[in-house]
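The structure appears right after this line, and notes come after that.
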Protein chains: 2
Amino acid sequence: MEVTNRYVVIKAHVDGPPKESHFEIKSEVISLELEAGSEDTIVKNLYVSIDPYQINRMKSYSSSQSSINLAAPVNPGEGIDTYGVAKVVASGNPEFQKDDLVAGLVSWGEYTVIKPGGLLKKLDPMGFPLSYHVGTLAFSGLTAYAGFFQVCKPKKGEKVFVSAASGSVGHLVGQYAKLLGCYVVGCAGTDEKVALLKEKLGFDHAFNYKEETDLKATLKSYFPEGIDIYFDNVGAEMQEAAVSNMSLFGRIAVCGVISEYTNTGRKASPDMIDVVYKRIKIQGFLASDFLNIFTEFLSTTCDHLLTGKMKPLEDISDGLESIPLAFVGLFYGQNIGKKIVKIADE
Amino acid sequence: MEVTNRYVVIKAHVDGPPKESHFEIKSEVISLELEAGSEDTIVKNLYVSIDPYQINRMKSYSSSQSSINLAAPVNPGEGIDTYGVAKVVASGNPEFQKDDLVAGLVSWGEYTVIKPGGLLKKLDPMGFPLSYHVGTLAFSGLTAYAGFFQVCKPKKGEKVFVSAASGSVGHLVGQYAKLLGCYVVGCAGTDEKVALLKEKLGFDHAFNYKEETDLKATLKSYFPEGIDIYFDNVGAEMQEAAVSNMSLFGRIAVCGVISEYTNTGRKASPDMIDVVYKRIKIQGFLASDFLNIFTEFLSTTCDHLLTGKMKPLEDISDGLESIPLAFVGLFYGQNIGKKIVKIADE
C-alpha cells in the first residue's frame with residue numbers, strides 16, 4: 001500500500017526571526033510495507049512537539065559560529081526530526097508490533113520511517129492523554145524537573161523566579177517549586193498568561209514584563225530579600241535584572257535563551273561583580289544529560305497529575321499544515337504552555 | 001610611649017579608575033601602651049597586601065548599586081583595613097604577647113589597634129619570608145587553590161586557561177594546574193610577563209592579550225579542542241572569547257573582574273546559547289568561603305614551595321607612602337605577581 005506523506009521543510013536557512021514563508025510542505029509517495037529483511041519501523045505520527053530550540057538547527061553555520069557544532073543542523077528541503085507520539089504501521093524491528101503506540105524522535109510529517117537504533121520506545125499512556133507524552137511527561141517535563149531539582153538544588157522556602165513562566169517548561173518549574181514549598185514568581189508577556197499563572201497554577205505572584213520599564217526594580221519589589229533561584233528561559237535584560245537581585249549563593253539554571261535565538265535583541269551582560277561577591281552560579285543544561293532520573297521524574301510527575309496537584313498547560317494546533325505558524329508563534333509568545341501539533345487521530 | 005602613626009586614606013569616594021591624587025597620608029599620635037583592662041592588641045605593621053578588590057569598597061554606594069552591600073565600604077578620611085603581617089607591640093588579649101609575629105586584618109598604616117575578636121592569628125613563618133604570608137600562603141594562595149580545586153574541580157590532563165596569569169592569584173593557579181598535569185595557557189599584558197609565565201613558571205603557552213586583535217581566534221589557536229577550565233580574573237571580552245571556546249561541561253571560576261571594577265570597559269556578554277548547549281558553569285566565589293580547607297591548602301602549598309615546584313611571584317614596594325601608587329598600579333598592570341608594600345623591618 002502506498003500513501004502520500006506530507007512533511008514540513010525549511011526553504012533555506014533561517015538566521016533571523018522565523019516567518020511562515022520560510023517553510024513549505026513537501027509531499028512524497030511512500031510505501032507502508034517494508035521490504036523483506038528491513039529492520040525499519042514505519043510510524044504514523046499523532047502528536048508532534050514544537051520547540052524553540054529548533055531555530056538553532058535552522059541557522060546557517062558560518063565561521064562566526066562557535067567551535068562546537070551545538071545542534072545537529074536542519075538542511076533546507078529535508079525532513080525535520082522532533083519528539084512526538086506515533087502509532088506503528090509496520091515494523092521489521094522485533095521491539096515493535098503494528099498498532100503499537102510509540103514515543104520518540106519522529107518528524108514534522110505525517111509518517112516517519114525510523115531506522116533501527118533510532119530514539120523510539122513503546123508508550124504506555126497510563127491513562128493520560130497522548131499529548132501529555134509529548135511534553136509534560138517527556139522532555140519539557142524532564143527539562144523542568146532536572147533543571148529545577150538537579151541544577152538549582154532547591155530547598156523548601158527558597159525564593160524562585162521563573163521567566164517565560166507560562167511556557168512549556170516554565171509553567172512546570174513553577175509548579176514543582178510550589179509543591180516543594182518555595183515562594184514562586186513568574187513573568188510572562190500577556191495579562192492573560194499572568195492571570196493564569198496566579199489563578200490556575202498557584203504562583204505567588206506573576207507580572208507582565210512588557211508593562212515594566214525597570215526590570216531590576218520590578219524584581220526588587222517581588223523579591224525584597226533577593227532571589228535564591230532563577231530559572232532562566234529568556235536571557236538578555238531579564239537575566240541581568242535577576243543577577244542584580246540574586247541572593248548570596250544564588251543559582252541560575254540557563255534553560256533557554258529565546259530572546260537571543262533570533263539575534264534580534266541584545267545579549268545578557270550579567271554584572272560579574274555581583275557574580276563574584278554573591279557567589280552566583282550560572283549553569284547551562286540540557287535535559288538529555290538527565291536521562292538517568294527519567295524514571296523518578298516520570299513517577300513523581302504522574303503522581304502530581306493524578307492527584308491534581310499539577311496542571312499541565314497545553315496549546316494544541318490541528319493538522320500538519322499548522323506547524324509553520326505554530327513554530328513561528330513561539331517567538332511571538334503566542335503559545336500558552338506546551339506547543340503541540342496534532343497530526344492525526346489515533 | 002607615644003608615636004606618630006601614619007596611614008593611608010581616600011579623600012573622597014573613588015568611582016572611576018583610581019589615581020594617586022585620590023589618596024592622602026594622615027597622621028595621628030597614638031600611645032603604644034594600653035589602658036588598664038583593655039583587651040586590644042597594638043601591632044606594628046611589617047608587610048601589607050595591596051588588592052584590586054579594595055576599589056569596590058571605595059566606590060560611592062548609590063541606589064544604582066546592587067541590593068546587597070557587596071563589600072564593606074571604605075569611608076573617606078578613615079583607615080583602610082587590609083590583610084598583612086605585623087608584630088605585636090602591646091596586647092591585652094591573652095592570645096598575644098609583645099614581639100609575637102601575627103597575620104590578619106591590619107591596615108594601610110604603620111600601626112593598627114585591633115579589637116578583641118578581630119581577624120588576627122599568631123604567625124609561624126615556617127622558614128618562609130614574611131611576605132609569603134601576605135599572599136602566597138594567605139588569601140591570594142587560598143583564592144587560587146580553592147578556586148581551582150573546589151570551584152573548577154579539575155582533572156589531570158584538562159585544558160586550563162588563566163587570565164591575568166601573572167597576577168597575585170593567576171600565577172599560582174597556573175602552577176597548581178601544571179602540578180596536577182593540566183595543559184595551561186595564560187594571558188598577560190606585557191611581553192615580559194608572558195616570558196616569565198613560559199620560562200619561569202612552566203606554563204605551556206602564554207600570550208600578550210594587548211597584541212591580539214581577535215581574542216576568540218587567539219584562544220582557538222591555543223585550544224583547538226576547547227577549554228575545559230577558565231580561571232577568570234578579568235571579565236569582559238576575554239570572558240566572551242573563553243565562553244565561545246569552552247568545551248562541553250566547561251567550568252568558569254569568576255575570581256575577579258578587574259577590567260570592570262573601574263567601569264571603564266564594557267561588561268562581558270557571554271553567549272548564553274553556548275552556555276546552554278555546552279552546559280557551561282560560570283561561578284563566582286570568594287576565598288573566605290573555603291577557610292575549611294585552609295590547612296590542606298597551606299600544607300600542600302608549603303610542600304610545593306619547599307621542593308621548589310612552585311615559585312611565588314612577589315612585587316614588593318617599600319614604605320607606607322608607596323601604597324597609593326602601588327594600588328593604582330594594579331589597574332594598569334604594573335605589578336608582576338602579588339603586590340605587597342613593606343612598611344617596616346621586623
Side-chain angles (χ1 to χ4, degrees), chain A residues 53 56 59 63-71 151 216-217 219-220 223-227 232 234-236 239-240 243-257 259-261 263 266-286 288-289, chain B residues 53 56 59 63-71 151 216-217 219-220 223-227 232 234-236 239-240 243-257 259-261 263 266-286 288-289:
Chain A
Y53 77 83
N56 297 320
K59 295 175 184 172
S63 62
S64 70
Q65 289 283 325
S66 165
S67 55
I68 293 181
N69 194 346
L70 296 176
V151 179
K216 285 186 189 180
L219 288 181
K220 175 91 181 154
F223 295 94
E225 294 161 22
I227 301 168
D232 184 1
V234 302
Q239 190 190 81
E240 294 171 19
V243 164
S244 164
N245 280 282
M246 295 304 282
S247 294
L248 297 184
F249 300 99
R251 290 135 275 157
I252 299 180
V254 189
C255 174
V257 200
S259 75
E260 302 181 20
Y261 285 168
N263 305 315
R266 67 174 181 78
K267 288 183 181 170
S269 294
D271 188 328
M272 287 292 152
I273 299 179
D274 274 335
V275 170
V276 173
Y277 279 94
K278 298 198 282 191
R279 290 83 122 190
I280 294 169
K281 185 169 75 176
I282 302 174
Q283 187 167 357
F285 74 99
L286 294 177
S288 52
D289 298 326
Chain B
Y53 78 84
N56 296 321
K59 295 175 184 171
S63 62
S64 70
Q65 290 284 325
S66 166
S67 55
I68 294 180
N69 194 344
L70 297 177
V151 178
K216 286 186 187 177
L219 289 180
K220 175 90 180 155
F223 295 94
E225 293 161 22
I227 301 168
D232 185 1
V234 303
Q239 190 189 80
E240 294 172 18
V243 164
S244 164
N245 280 283
M246 294 304 281
S247 293
L248 297 184
F249 300 101
R251 291 135 274 158
I252 299 179
V254 190
C255 174
V257 200
S259 75
E260 301 181 20
Y261 285 169
N263 304 317
R266 67 174 182 77
K267 288 182 180 170
S269 295
D271 187 328
M272 286 292 153
I273 299 179
D274 273 335
V275 169
V276 173
Y277 279 94
K278 299 199 282 190
R279 291 83 123 187
I280 295 169
K281 186 169 76 175
I282 302 175
Q283 187 167 357
F285 75 100
L286 295 177
S288 52
D289 298 327

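Every chain is numbered from 1 and lettered A, B, ... according to where its sequence line falls, protein lines coming before strand lines. Only a predicted model underlies this, so the values are computations on that prediction, with no experimental measurement involved.
Here the side chains of A/Leu286 and B/Arg279 are in contact, with some heavy-atom distance below 4.5 Å. Side-chain contact between A/Ile280 and B/Gln283: absent, with no pair of heavy atoms (C-beta onward) separated by less than 4.5 Å.
For B/Gln239, the part lying near chain A is the side chain, with the backbone staying farther off; criterion is any non-hydrogen pair under 4.5 Å. For A/Asp232, no part sits under 4.5 Å from any heavy atom of chain B, backbone or side chain. With a 4.5 Å cut-off on non-hydrogen atoms, B/Val257 touches chain A through its side chain but not through its backbone.
With rounding to the nearest 0.5 angstrom, the CD1 atom of B/Ile273 is 5.0 Å from the CG atom of A/Asn56. Considering NZ of B/Lys281 and CD1 of A/Ile252, their distance stands at 14.0 Å, rounded to 0.5 Å.
Contact count against chain B (heavy-atom pairs under 4.5 Å) is highest for A/Ala268 among A/Gly235, A/Ala268, A/Ala253.
For the pairing with A/Ser269, the side-chain contact (heavy atoms from CB on, under 4.5 Å) check across B/Lys267, B/Glu240, B/Glu260 returns one residue only, B/Lys267.
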- Message: Assess the residue pair A/Val276 and B/Tyr53 against the criterion (side chain to side chain contact (heavy atoms under 4.5 Å, CB included)); give the C-alpha distance rounded to whole Å, side-chain angles, the decisive distance to 0.1 Å, and a yes or no.
- Response: CA-CA 11 Å; A/Val276 173; B/Tyr53 78 84; over 6 Å; no
